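What follows is one structure encoded as structure tokens, with my remarks underneath.
Since this is a predicted model, take the numbers as computed values, not measurements.
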Amino acid sequence: MSGAAKILVVGPLGVGKTTLIGTVSEIEPLSTEASMTRAGVRVDPAVDSGKKTTTVALDFGRLTIDGDLVLYLFGTPGQQRFLPAWRDLAKGALGALALVDSRDLAASFDALDNLEDLDLPFAVAVNVFPSGPRYEADDIRTALDLLPGTPLVTCDARDRASSIGALIALARHLIHVATESS
């Protein structure tokens with residue numbers, strides 16, 4: 001497989017999108033992090049108290065897989081109020097990696113709904129947080145109401161190999177979807 005693919009990395013606020021892109025990118029990632037403010041507390045969900053910044057436009061990185069396939073990674077803002085930015089970023093994307101947090105699976109519902117509304121194929125990666133509970137894959141599938149064909153993997157966004165594995169699972173899914181529709 002060779003070529004280039006635009007991939008979205010999506011999920012709720014604080015799930016690890018910026019971290020994953022920074023971990024795998026072979027170039028200096030572009031990040032539009034801004035300080036979280038008290039004004040945002042009124043409209044944004046509560047997150048880990050250690051989080052001081054949030055993505056306000058996008059994150060961008062690049063990853064070459066097996067020397068032939070270049071993934072251009074676009075991380076979306078995690079807050080639902082940035083949905084118009086999602087729609088713009090989704091133009092031309094082949095698919096998305098949806099990061100979820102086992103500490104709050106319900107926080108991922110909006111992101112998954114947005115992907116379905118955009119009719120964008122996706123894989124789900126449960127980002128492993130040290131304090132997060134561990135669930136069986138079937139329980140996560142049920143909680144997130146995933147279709148049987150939707151790939152579900154675990155990853156640690158801080159670990160390069162683990163994060164690349166999640167992106168490879170997505171790439172395989174996209175190939176399967178493309179060959180199935182041909």
*Who pairs with F74 by ring pair (Phe, Tyr, Trp, His ring centres under 6.0 Å), at least two apart in sequence or on another chain?*
F60
*Under 4.5 Å between side-chain heavy atoms, hopping through other hydrophobics if needed: is there a path connecting L167 to L69?*
yes
*How close do G16 and A157 get, heavy atom to heavy atom, and via which atoms?*
O-CB, 3.8 Å
_Heavy-atom check, side chain of P133 versus side chain of R103, under 4.5 Å_ = yes
*Please examine the side chains of L71 and R62, heavy atoms only from C-beta on, and report whether any two atoms are closer than 4.5 Å.*
no
Identify each donor-acceptor pair in which a side-chain atom of residues 141-148 lies under 3.5 Å from a protein atom, sequence neighbours left out, and give them as a table.
unit_1, atom_1, unit_2, atom_2, d
R141, NH1, L147, O, 3.1
R141, NH1, T150, O, 3.1
R141, NH2, T150, O, 2.5
T142, OG1, D138, O, 2.9

*Return the minimal non-hydrogen interatomic distance between A96 and L115, and the atom names on each side.*
CB-CD2, 3.6 Å
*Same apolar cluster (I L V M F W Y, side chains within < 4.5 Å links), Y135/F129*: no
*Please report the shortest heavy-atom distance between L170 and A123, naming the atom on each side.*
CD1-N, 3.7 Å
*Can you check whether H176's main-chain N or O pairs, donor with acceptor, with T179's side chain at less than 3.5 Å?*
yes
*asked:* I'd like to know if the side chain of S102 and the backbone of G132 have a donor-acceptor N/O pair within less than 3.5 Å.
replied: no
*Answer whether the closest heavy-atom distance between the side chains of T76 and L58 falls below 4.5 Å.*
no
_pair C155-L20: side-chain heavy atoms closer than 4.5 Å_ = yes
*Is it possible for you to say whether V15 and V128 belong to one hydrophobic cluster, with membership spreading through side-chain heavy-atom contacts below 4.5 Å?*
no
*Nearest heavy-atom pair of S108 and L99: which atoms, and what distance?*
OG-O, 4.1 Å
Taking distance alone, no hydrogens or angles, what donor-acceptor pairs closer than 3.5 Å link side-chain atoms of residues 3-11 to residues at least two apart or in another chain?
unit_1, atom_1, unit_2, atom_2, d
K6, NZ, L89, O, 2.7
K6, NZ, K91, O, 2.7

_Ignoring hydrogens, what is the shortest heavy-atom contact between A125 and L97? Give both atom names and the distance._
CB-CD1, 3.9 Å
*Which pair of non-hydrogen atoms, one from I21 and one from G61, has the smallest distance, and what is that distance?*
CG2-N, 3.7 Å
*Could you tell me which residues satisfy side chain to side chain contact (heavy atoms under 4.5 Å, CB included) with A169, sequence neighbours excluded, listed by chain and number?*
V153
*Pairs meeting criterion salt bridge (charged side-chain N to carboxylate O under 4.0 Å, His left out) with involvement of residues 148-169, two or more places apart*: D156-R158
*Provide the full list of side chain to side chain donor-acceptor pair (under 3.5 Å) pairs with a residue in residues 109-130, sequence neighbours left out, each pair given once.*
Q80-N114
_Measuring from atom CZ of F122 to atom CG of L112, what distance do you get when rounded to the nearest 0.5 angstrom?_
5.0 Å
